[in-house]
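When a ligand or atom number is given, it counts from 1 through the structure's own listing order. Since we're looking at a predicted model, the values are computed, not measured.
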Amino acid sequence: MSDPERRLAALADEIRAHKGAHCGFEVCETCTQLVPGEGPAGAKIVVVGEAPGAKEDAAGVPFVGAAGKFLDTLLAEAGVARDAVFITNVVKARPPKNRDPKAPEVAHHWPWLEEQLAIIEPELLVPLGRHALARFAPDAKIAEAHGQVLEAGGRRLFPLYHPAAALYNGGLRATLIEDARALGRALA
Ligand code: URA
């Protein structure tokens, strides 16, 4: 195991061990388990969603539900293997009833994401949806920023609509597929 792989694995252990820390944050205390994320330390792309849902909470793995299946399709359209990408979330624990994470919860979990990014040093960070985008580029609007490279905060972003949004809005599906192909071109 390389040093970055070891550091990433140790960080994942630290995140999982946070369950039971009695930190007072509802998400940490009500989730089944924390979901650190998965993928290689050498990933060129890091995909960042908002927070685990019910399926992810049960499995301990990000994006394994319906939105995850569509994410797999999008990565295939971009010509990227899922296991070559690091996939995680801004918040590592499922909010009760899938409510939006609260700002203090995001702040509580943010250092873990920063540390993951510091270890991986991706070429491109793909925030999914307006909530994840807002964490990296507070002034950007997903409707304008999606499907293209955006430099923000010293990072190279490639924002996409959240794949879950396409499950409720069929019109977004075609846009997401088009954007995924553009992601593939940006990586070429
Ligand atoms: N939606 C997210 O934002 N993250 C997941 O892991 C699953 C669904």
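Looking only at protein heavy atoms, the nearest one to atom 8 (C) of ligand 1 is Phe63 CE2, 3.7 Å. Nearest protein neighbour of atom 6 (O) of ligand 1, counting heavy atoms only, is Asn89 ND2, 2.9 Å.
In Ala164, neither the side chain nor the backbone holds a heavy atom less than 4.0 Å from any atom of ligand 1.
The cluster map of Ile, Leu, Val, Met, Phe, Trp and Tyr, joined by side-chain heavy atoms under 4.5 Å apart, puts Leu74 and Leu167 in different clusters. Linking ILVMFWY residues whenever their side-chain heavy atoms come closer than 4.5 Å, directly or via other members, places Leu124 and Val90 in the same cluster.
Remark: ligand 1 atoms within the under-4.0 Å shell around heavy atoms of Pro62 are 6 (O). When each atom of ligand 1 is checked for a heavy atom of His162 under 4.0 Å away, the hits are 1 (N), 2 (C), 3 (O).
A salt bridge links Glu114 with Arg155: the closest approach of a Lys/Arg side-chain nitrogen to an acidic carboxylate oxygen falls below 4.0 angstrom. Checked for salt-bridge contact, Asp72 and Lys69 miss the test: no charged N lies under 4.0 Å from a carboxylate O.
Lys55 does not count as a contact of ligand 1, since none of its heavy atoms falls under 4.0 Å from the ligand. Ala51 counts as a contact of ligand 1, since one of its heavy atoms falls under 4.0 Å from the ligand.
Proximity of a side-chain donor or acceptor of Asp57 to a complementary backbone N or O of Thr32 within less than 3.5 Å is detected.
By the 3.5 Å distance cut-off applied to N or O atoms, Glu56 is not counted among the residues near ligand 1. The shortest N or O to N or O distance between Gly49 and ligand 1 is not below 3.5 Å.
Ring pair Tyr161/His146 is tilted by interplanar angle, where 30° to 60° counts as tilted. Ring planes of His162 and Phe63: tilted class, angle from 30 to 60°.
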